[in-house]
There are 2 protein chains.
Amino acid sequence: MLEKAVPRIVDADQRRRELTEAVWRVIRRDGVAAASVRAVAREAGTSMGALRHWFGTQDELLHFAMTLVMERARTRAEAAAAAGGPLVPRLLRVLEETLPLDEERRAETEVWLALTARALVDPQLAGLRDRSSAELHAFCVDVVRVLVAEGAARPDLDVDLEGERLYAVLDGLAVHAVTRPSVLPPDRVREVLATHLAALGATR
Amino acid sequence: MLEKAVPRIVDADQRRRELTEAVWRVIRRDGVAAASVRAVAREAGTSMGALRHWFGTQDELLHFAMTLVMERARTRAEAAAAAGGPLVPRLLRVLEETLPLDEERRAETEVWLALTARALVDPQLAGLRDRSSAELHAFCVDVVRVLVAEGAARPDLDVDLEGERLYAVLDGLAVHAVTRPSVLPPDRVREVLATHLAALGATR
DNA sequence: GGCAAGGTAGCACAGTCGTGCTAGAAAAGG
DNA sequence: CCTTTTCTAGCACGACTGTGCTACCTTGCC
């Protein structure tokens with residue numbers, strides 16, 4: 001009943017992360033369609049059997065890949081939120097954690113885009129995506145609320161509507177930064193986002 | 001040298017459109033990954049051979065599907081632009097032609113999203129997407145320019161930057177309307193977009 | 001030492017894939 | 001009538017797919 005032996009302690013979570021990052025590399029290089037069990041195993045330098053030990057099925061693999069994208073962005077965002085400094089730049093930095101402004105975040109965003117498209121026809125992934133987008137949307141609404149409360153945005157704003165608009169800017173920038181990187185380099189992305197936040201407070 | 005017989009006149013373009021719409025149905029129902037030659041032929045009620053007569057290869061099929069999305073949106077947008085009426089509502093209606101506000105446009109947007117994701121790893125599709133996004137981006141910049149010129153937007157706006165921001169709102173709304181339809185029904189999408197245009201002119 | 005369990009490896013199966021290919025049906029000019 | 005061309009049909013090939021499965025290696029407790 002109780003376990004008798006505890007052999008080969010390999011941190012399961014850590015192992016799954018390593019394998020999942022192999023999934024990311026395959027998705028980025030060859031697309032979701034190419035993220036087969038064999039291809040991922042080859043990329044990770046392991047065997048099909050080992051992979052299937054950690055992920056019982058192919059869908060589970062993609063599911064975990066999506067989870068990891070969300071988790072990492074959220075972790076970074078929370079760190080940025082906890083940092084000090086003036087309000088507006090700090091909120092900017094939190095929002096920027098979801099944008100592809102460096103190689104790491106670019107990888108995540110590309111995987112996010114690929115899996116978002118797949119979620120259109122994969123209910124399992126759709127559930128994940130819904131939870132994630134609800135969270136980010138709620139955060140955007142909160143950002144607007146805080147800006148209004150702190151006097152950094154006009155007091156007559158429709159908070160829900162502006163939250164929705166901010167969220168659209170955010171994901172629109174994410175898509176564009178990933179699909180048109182030469183037109184929209186990281187600094188330009190930051191500039192557009194900063195302009196948007198500033199515009200919420202423009203009273204003139 | 002000159003053709004001698006002209007048998008079975010089937011409008012090639014028309015036929016290709018019909019088949020391409022079968023591609024759309026498959027992509028919407030089962031995803032790009034499932035858009036195999038066999039599946040599309042079955043969906044179109046024809047044979048693999050017939051399909052391959054019109055599209056020499058699988059990539060050509062997807063390429064044409066993407067082309068058709070772009071072409072249809074552009075046709076509608078030009079019609080909306082040619083219509084009369086006051087400036088701002090007219091521009092709104094043109095921009096709305098790229099958004100999934102009814103069943104037809106929803107289909108196009110879903111296919112667009114799926115193919116945009118695939119374009120990350122398919123140079124052929126990437127070329128198409130680049131041309132299309134450059135065009136829409138340029139149009140967004142023009143919209144801002146016209147609004148400024150007509151006094152419907154603040155004269156001190158950075159036109160390029162605002163064009164970029166408008167484009168982000170547009171594609172962000174497209175993604176959200178397709179992935180979170182219950183939160184973002186068509187009227188809400190219109191409201192957010194209208195708010196954005198109005199905000200460009202907010203002087204208060 | 002023995003043994004149980006965690007972890008790895010990879011074969012086997014039945015299926016799907018894209019594409020090359022041949023063969024026939026349909027239609028119009030001679 | 002026959003010929004020519006367009007269009008349709010679908011078989012055949014080799015490659016790749018996800019997953020069930022067995023066998024093996026490694027580890028740590030008894």
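Numbers restart at 1 for each chain; the letters A, B, ... are given by sequence-line order, proteins then strands. The figures here come from the full heavy-atom set of this structure, side chains too, leaving out hydrogens, waters and symmetry mates.
- A salt bridge between A/Arg188 and A/Glu191 is present, with a side-chain N of the basic residue lying under 4.0 Å from a carboxylate O of the acidic one.
- Remark: P of C/dA12 and CE of A/Met48 are 12 Å apart, rounded to the nearest angstrom.
- Note: CG (B/Asp122) to P (C/dG18) measures 14 Å, nearest angstrom.
- Between A/Glu164 and B/Arg180 there is a salt bridge, since at least one side-chain N of the basic residue sits less than 4.0 Å from a carboxylate O of the acidic one.
- Under a 4.0 Å N-O distance rule, the pair A/Glu71/A/Arg17 qualifies as a salt bridge.
- The pair A/Arg165-A/Glu162 counts as a salt bridge, with a side-chain nitrogen and a carboxylate oxygen less than 4.0 angstrom apart.
- Evaluation of atom-type donor-acceptor distances gives no pair under 3.5 Å for the side chain of A/Arg15 against the base of C/dG7.
- Contact annotation: A/Trp54 does not reach the phosphate of C/dG6 (side-chain N/O to OP1 or OP2, under 4.0 Å).
- For B/Thr57, no side-chain nitrogen or oxygen approaches OP1 or OP2 of C/dG18 to under 4.0 Å.
- Rounded to a whole Å, the CZ atom of A/Phe55 is 15 Å from the P atom of C/dA9.
- To the nearest angstrom, C1' of D/dG18 lies 10 Å from CG of A/Asp59.
- Taking the nucleotide of DNA chain C with the nearest heavy atom to each of A/Gly49 and B/Ser36, the more 5' of the two is matched to A/Gly49.
- Across the protein-nucleic acid pair, A/Arg38 atom CZ and C/dA12 atom P stand 12 Å apart, rounded to whole Å.
- Atom CG of B/Leu51 is separated from atom P of C/dC21 by 19 Å (rounded to the nearest Å).
- Nucleotide D/dG10 holds its P atom 16 Å from the NE2 atom of B/His53, rounded to whole Å.
- A/Arg52 places its CZ atom 7 Å from the C1' atom of D/dG20, with the value rounded to the nearest Å.
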